[in-house]
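For the single chain, residues carry numbers from 1 onward in sequence order. All figures in this text were calculated on a predicted structure; none of them were measured in a lab.
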Amino acid sequence: MTDFKQIFENHYTWIEGYMRNVRRYADRIAMIASETGKEWTYKQLNEDTNRLCNALHADGFQKGDVVMVQMVNRPEFAFAYVAAHKMHGVCCPVNYRISSGELAYNIDDSKPLILMVCESKLESALAAVKQTQHKPKKIIVASDKEIEGAVRYKDYVATSSIEEPPYMCEYNIYDETTRLYTSGTTGRPKGVAMTSINEVLSAHDVMIHFPMSYKDITMNTTPWFHRGGLHCAGPCPTFYAGATLVILGKFEARTALKLVQKYKITFVVGVPTVLEELADEQERQGYDVSALKGIVTMGSPLERSACIRYQKVLTPNIYNGYGTTETFWNTFLRPFDLPENAGTAGASCVDDDVRVVKVYEDRKAEPDDLVSTDGTEVGEVIICSPAKSPYIYHDKPEETEKKYYKGFIYTNDLGTWDKNQFVTIVGRKDDMIISSGENIYPTEVEAVLNTHPKVKDCIVTSVPDKVRGQMVTAYIVRDDKSLTPDELDAFCKQSPDIANFKRPRYYRFTEQIPFNATGKKLHVKIKEIAEADLKNGLLYRV
């Protein structure tokens, strides 16, 4: 057993899996940069990664050091991800949409030795470093221009060897390899410190549930700086499986479909809004998407009518996952679950235990204090994911204790489940609307409004009211400009799927809905907007 433990802990790492593929698939295409058309075999990917590794070594990079990456999906991002594994360090991707002040917080929190950025983010990065106590040793910019205050990536690696970097220490499955930040919608973002074994088993999860193999060609339309981007058809599972990764830096439906046709992509990943745009474009242009084995969506529920449309227009094989930054995906809908179970988040993944427990104002429910599996009683969704979660936040012991309890993460998501343990997310604790003493969940109202043929999308929130406490308020993206608030109100009154007290009393039409980078609707943001719109007389009362 001692030999097994030593071999398992030192060799069952993500980098060992990657290096196996470098040896056995040396001439197979590993990565394609869609903007330039440049391709890397696994041998060439490894050589370019080694150039970065040896440059980092020359800069004194040691075990546990951090390389922070603020980039759109691009080759240098992939090099940094693999290099961190090789160098026993930590790759720390951060949101490229955050402000310089928010980036400064991340820098002081993670203390990167090296900061790598896109050219478009360099000005913000330089401003961030001026605000920080910790100063990265170098700022590396992916750019063809010479820019003051930073080193060009191509110059940084220009004289570096393509040979394997110096062997520094034993690898271990418990070493931190990747640090992703939560979205921070309820406070400062927290660093999720993932270990090598978390990454291996996240890759396995994808390989089980798609399934993915070395024959696949993947493209993620979402950013790699979050869990669904990096670990769902991103560098983590794709390189571990020996498959081919097509890099899409910025999503545009026409471009994405052309790439599916050109490279015969087998798996595409995107949030539901991405799928909607892909379906619209496919109906107009009719690209050859016959190579698609599946489209995976995450971030928000997949409604039945939308699911049927995507199955007809794009591919019969639609998948939908639900999870968190801390735990990856933990419930899953596969093609054989759809469209019957559309609207739910699916049932637990193979290695996960997802439950719905009772909600108490003064304490957490025990993990076995379950709500009824009748599909109506609402509780908090909790997740036990021993394979994919590190069960710790970087340098945040109090936050760790607050979020995790008895092997479960308490998500703050509210949901129901049925006799087959299919979970339906109805909202978040802090999004819940209390009107005249009744609990109303925005997602259930949104689901009804989205069935109206003239509605393209919507988001539901509340505004203060002296009599009811809160009034349900809907922001609507119209698919038909003739749609009116009174028409929507009549639709809700006639709908058997929504109680009268839950129907919106205020409406406003909008061109777009606020989403975060993972495709989740920002109810916190729209609530602020609605309160301002109420004061300014911009809401329509029905």
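- A donor and an acceptor atom, one from each side chain of Ser202 and Asp205, are nowhere located under 3.5 Å apart.
- For the residue pair Thr222/Asn220, the side-chain donor-acceptor check at 3.5 Å is satisfied.
- Salt bridge Lys5/Glu9: present, at least one basic N to carboxylate O contact under 4.0 Å.
- Classification of Arg309 and Glu283 as a salt-bridged pair holds, one side-chain N sitting under 4.0 Å from a carboxylate O.
- Between His226 and Leu180 the shortest side-chain heavy-atom distance does not fall below 4.5 Å.
- The existence of a salt bridge linking Arg334 and Asp337 is excluded, since no basic side-chain nitrogen approaches an acidic carboxylate oxygen closer than 4.0 Å.
- The existence of a salt bridge linking Asp109 and Arg179 is excluded, since no basic side-chain nitrogen approaches an acidic carboxylate oxygen closer than 4.0 Å.
- Judged as a side-chain contact (heavy atoms from CB on, under 4.5 Å), and not counting sequence neighbours, the contacts of Ala83 are Thr49, Leu52, Cys53, Leu56.
- Atom NZ of Lys121 and atom CD1 of Ile139 lie 13.0 Å apart (nearest 0.5 Å).
- Other residues, nucleotides and ligands contribute only 12 or fewer heavy atoms inside 6.0 Å of the NE2 atom of His57.
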Carefully, step by step, assess Tyr393 and Glu326 under the rule side-chain hydrogen bond (donor to acceptor under 3.5 Å, both in side chains). CA-CA 9 Å; Tyr393 293 120; Glu326 295 87 346; 2.5 Å; yes
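- For the atom pair Phe210 CZ and Lys293 NZ, the distance stands at 10.0 Å (nearest 0.5 Å).
- Checked by atom type, the side-chain pair Asn46/Glu164 shows a donor-acceptor distance below 3.5 Å.
- Residues satisfying the side-chain contact (heavy atoms from CB on, under 4.5 Å) criterion with Lys138, sequence neighbours excluded, are Asp59, Ile114, Ile140, Val151, Tyr156.
- A side-chain contact (heavy atoms from CB on, under 4.5 Å) with Cys236 is found for one member of Tyr18, Trp224, Tyr81 and no other, namely Tyr81.
- Here Asp144 pairs with Lys154 in a salt bridge; the nearest charged N to carboxylate O distance falls below 4.0 Å.
- Residue pairs that meet the salt bridge (Lys or Arg N to Asp or Glu O under 4.0 Å) test with at least one member in residues 343-354, sequence neighbours left out, are Asp352-Lys388, Asp353-Arg355.
- No donor-acceptor pair closer than 3.5 Å links the side chain of Asn330 to the backbone N or O of Ile383.
- At a threshold of 4.5 Å between non-hydrogen side-chain atoms, the residues Val381 and Val423 count as touching.
- Ring orientation note: the planes of Phe79 and Tyr153 are close to parallel, at an angle under 30° on the 30°/60° scale.
- Here the side chain of His11 pairs no donor or acceptor atom with the backbone of Ile7 at under 3.5 angstrom.
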side-chain contact (heavy atoms from CB on, under 4.5 Å) evaluation trace for Met71 with Val94: CA-CA 8 Å; Met71 291 180 167; Val94 293; over 6 Å; no
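- Side-chain N or O atoms of Thr443 include one that pairs as donor or acceptor with a backbone N or O of Val426 at under 3.5 Å.
- Panel note: side chain Arg304, backbone Pro339; a donor-acceptor pair is recorded below 3.5 Å.
- Separating the OG1 atom in Thr331 from the CG atom in Asn320 is a distance of 7.5 Å, to the nearest 0.5 Å.
- Using bins of under 30°, 30° to 60° and over 60° for the plane-to-plane angle, the ring pair Tyr404/Tyr391 lands in the tilted bin.
- Taking a cutoff of 4.0 Å between a charged side-chain nitrogen and a carboxylate oxygen, Glu76 and Arg74 qualify as a salt bridge.
- The main-chain N or O of Phe422 is found under 3.5 Å from a side-chain atom of Asp418 such that the two form a donor-acceptor pair.
- Asp216 and Thr266 form a side-chain donor-acceptor contact under 3.5 Å, judged by distance and modelled atom types alone.
- Asp288 is linked by a side-chain hydrogen bond (donor to acceptor under 3.5 Å, both in side chains) to Ser290, counting only residues two or more places apart in sequence or in another chain.
- Qualifying side-chain hydrogen bond (donor to acceptor under 3.5 Å, both in side chains) partners for Tyr42, counting only residues two or more places apart in sequence or in other chains: none.
- Under a 3.5 Å cut-off, the side chain of Ser348 and the backbone N or O of Val354 do form a donor-acceptor pair.
- For the pair Glu252 (side chain) and Thr255 (backbone), a donor-acceptor distance under 3.5 Å is present.
- When atom types are taken as modelled, the side chain of Asp457 and the backbone of Val477 share no donor-acceptor pair closer than 3.5 angstrom.
- A side-chain donor-acceptor contact under 3.5 Å links Thr344 to the backbone of Asn341.
- Between the side chains of Tyr263 and Thr244, not a single donor N or O lies within less than 3.5 Å of an accepting N or O.
- Counting only N and O atoms by type, the side chains of Thr325 and Thr182 include no donor and acceptor under 3.5 Å apart.
- Side chains of Arg51 and Asn54: a donor-acceptor N/O pair is absent below 3.5 angstrom, by distance only.
- Ile409 contributes atom CD1, which lies 5.0 Å from atom NZ of Lys403 (distance to the nearest 0.5 angstrom).
- Classified by interplanar angle (parallel below 30°, tilted 30° to 60°, perpendicular above 60°), the ring pair Phe8/Phe4 is parallel.
- The aromatic ring centres of Trp14 and Tyr171 sit 6.0 Å or more apart.
- No hydrogens or angles considered: a donor-acceptor pair under 3.5 Å links the side chains of His523 and Glu446.
- Here the two rings, on His204 and Tyr240, have centers that are under 6.0 Å apart.
- The CG atom of Asn172 sits 8.5 Å away from the OG atom of Ser196 when rounded to the nearest 0.5 Å.
- Here the side chains of Ile247 and Phe77 are not in contact, with every heavy-atom distance at 4.5 Å or above.
- One finds the CE atom of Met194 at 10.0 Å from the CZ atom of Phe328 (value rounded to the nearest 0.5 Å).
- Side chains of Lys86 and Asn50: a donor on one and an acceptor on the other come within 3.5 Å.
- Side chains of Glu102 and Ser99: a donor-acceptor N/O pair is present below 3.5 angstrom, by distance only.
- Listed by chain and number, the residues in a salt bridge (charged side-chain N to carboxylate O under 4.0 Å, His left out) with Glu199 amount to none (sequence neighbours excluded).
- Between Tyr12 and Ile197, the closest side-chain pair of non-hydrogen atoms falls below 4.5 Å.
- Formation of a donor-acceptor pair under 3.5 Å by the Thr238 side chain with backbone atoms of Leu245 is not found in this model.
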